[in-house]
There are 2 protein chains.
Amino acid sequence: MAYRIGELAKLTGITEHTLRFYEKEGLLVPGRTNGNIRSYSEEDRLWADFILHMKGTGMALQDLKRYKELRESEGSNYQELVEILIQHQHHVEAKLAEYQHNLELIKKKIEMYQQYKDGNKTKDLYSTFAERKITEYD
Amino acid sequence: MAYRIGELAKLTGITEHTLRFYEKEGLLVPGRTNGNIRSYSEEDRLWADFILHMKGTGMALQDLKRYKELRESEGSNYQELVEILIQHQHHVEAKLAEYQHNLELIKKKIEMYQQYKDGNKTKDLYSTFAERKITEYD
DNA sequence: CTACACCTTAGAGTCGACTCCAAGTCAAGG
DNA sequence: CCTTGACTTGGAGTCGACTCTAAGGTGTAG
């Protein structure tokens with residue numbers, strides 16, 4: 001199964017522009033047909049999805065390129081490869097905690113505003129909040 | 001309690017450069033002393049921390065500015081305020097799921113490489129992976 | 001055969017979020 | 001008094017990751 005650039009764009013949600021940009025950057029380099037048309041293999045598609053996953057969790061394109069180079073090179077530099085993964089794992093774990101904490105914070109804040117809405121509908125909104133300024137941004 | 005820019009920088013971890021940049025953008029505008037030196041109040045500090053929390057979970061500075069403006073304006077436009085929060089909540093929840101999913105993926109990949117390391121230490125690394133290409137980037 | 005998807009090069013523009021610089025002013029400790 | 005370090009301003013530069021344009025040529029499905 002091989003895909004043309006437009007097909008892969010639809011499958012992955014990455015625009016054609018960006019796919020060509022990734023190719024220029026050496027991040028995702030497809031084969032070519034006789035007619036010089038980009039031909040993305042099934043593996044290319046999986047790699048594209050992998051890029052999306054990693055990029056979506058904050059990995060830089062450079063790191064992804066490095067990772068790809070290591071995978072493609074002969075010899076046992078899989079150690080650096082694992083290091084990249086572990087480093088990213090740490091990053092993801094930290095972010096995960098940050099997001100969880102932040103979610104709680106937002107929920108509390110929304111609740112605060114909802115309580116105002118359902119409760120004393122005076123013009124006192126900002127003074128009410130002023131009274132608890134110290135915990136306002138906890 | 002009032003802080004000078006250098007103090008706040010140390011307290012929050014935001015550089016002085018960036019604090020001045022935030023001021024230029026209207027995102028965090030301190031008072032001034034007689035001598036025209038920036039004077040950040042306790043509330044400014046809390047707001048700075050809030051900025052860090054929200055920015056760290058992907059909220060744009062523009063949205064934070066809008067939020068600040070709404071908080072400061074008179075009248076009951078707290079509805080838009082809550083909308084901003086709810087929108088961000090959705091964003092955070094989505095990201096949270098993405099990070100969790102990604103964490104599993106990375107762990108599996110690392111395990112894969114570790115298994116190779118502890119096991120058959122041949123030069124067969126890439127062909128081994130080639131055999132499971134289809135699930136390589138799952 | 002026609003229409004549409006694809007190809008090329010080379011470079012310019014955008015965006016968000018900083019990051020830094022020059023050139024000067026001001027305040028407090030020794 | 002003098003030095004040192006923090007402060008001031010406006011504006012320019014950087015970075016990552018796109019995003020688009022021009023202006024033309026080629027490939028292919030129905």
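Below, read A as the first sequence line, B as the second, and so on, with proteins coming before strands; counting in each chain starts at 1.
- For D:dT8, neither phosphate oxygen OP1 nor OP2 lies less than 4.0 angstrom from any side-chain nitrogen or oxygen of B:Arg4.
- One finds a side-chain N or O of B:Tyr22 lying less than 4.0 angstrom from the OP1 or OP2 phosphate oxygen of C:dC18.
- Contact check on B:Lys68 versus B:Glu25 returns no salt bridge, with no Lys/Arg side-chain nitrogen under 4.0 Å from an Asp/Glu carboxylate oxygen.
- Look at CD on A:Glu7: it is 12 Å from C1' on D:dA29, rounded to the nearest Å.
- Atom CD1 in B:Ile5 sits roughly 10 Å away from atom C1' in D:dT8 (whole-Å rounding).
- Side-chain contact check for A:Tyr3 and A:Glu42: at least one donor-acceptor pair (N or O, by modelled atom type) lies under 3.5 Å.
- Between the C1' atom of D:dT19 and the NE2 atom of A:His17 lies a distance of 6 Å, rounded to the nearest Å.
- Within the 4.0 angstrom heavy-atom criterion, only backbone atoms of the sugar-phosphate kind lie near B:Glu16; the bases stay farther away.
- Looking only at distances, a side-chain donor or acceptor of B:Asp44 sits under 3.5 Å from a matching main-chain atom of B:Ser41.
- Atom NZ in A:Lys65 sits about 12 Å away from atom P in D:dA17, given to the nearest Å.
- For B:Arg38 and C:dC26, the shortest distance from a side-chain N or O to OP1 or OP2 is not below 4.0 Å.
- Mapped onto DNA chain D by nearest heavy atom, A:Asn36 and A:Thr18 fall at different nucleotides, with A:Thr18 at the one closer to the 5' end.
- Here the straight-line distance linking atom CD of A:Glu16 with atom CD of A:Glu7 works out to 10.5 Å at 0.5 Å rounding.
- If you take CG of B:Asp63 and C1' of C:dC15, they are 14 Å apart, rounded to a whole angstrom.
- Distance A:Ile14 CD1 to D:dT19 C1': 15 Å, rounded to the nearest Å.
- Note on B:Lys55: only backbone sugar-phosphate atoms sit closer than 4.0 angstrom, heavy atoms only; bases stay farther off.
- The shortest distance between the side-chain N/O atoms of B:Arg20 and the OP1/OP2 oxygens of D:dG11 is not below 4.0 Å.
- Between B:Gln62 and B:Thr15, it is B:Gln62 whose nearest contact on DNA chain C lies nearer the 5' terminus.
- Atom pair B:Leu28:CG and C:dA17:C1' shows a separation of 15 Å (rounding to whole Å applied).
- Side-chain contact check for B:Gln89 and B:Glu93: at least one donor-acceptor pair (N or O, by modelled atom type) lies under 3.5 Å.
- Rounded to an integer number of Å, the gap from CZ of A:Phe21 to C1' of C:dG11 is 14 Å.
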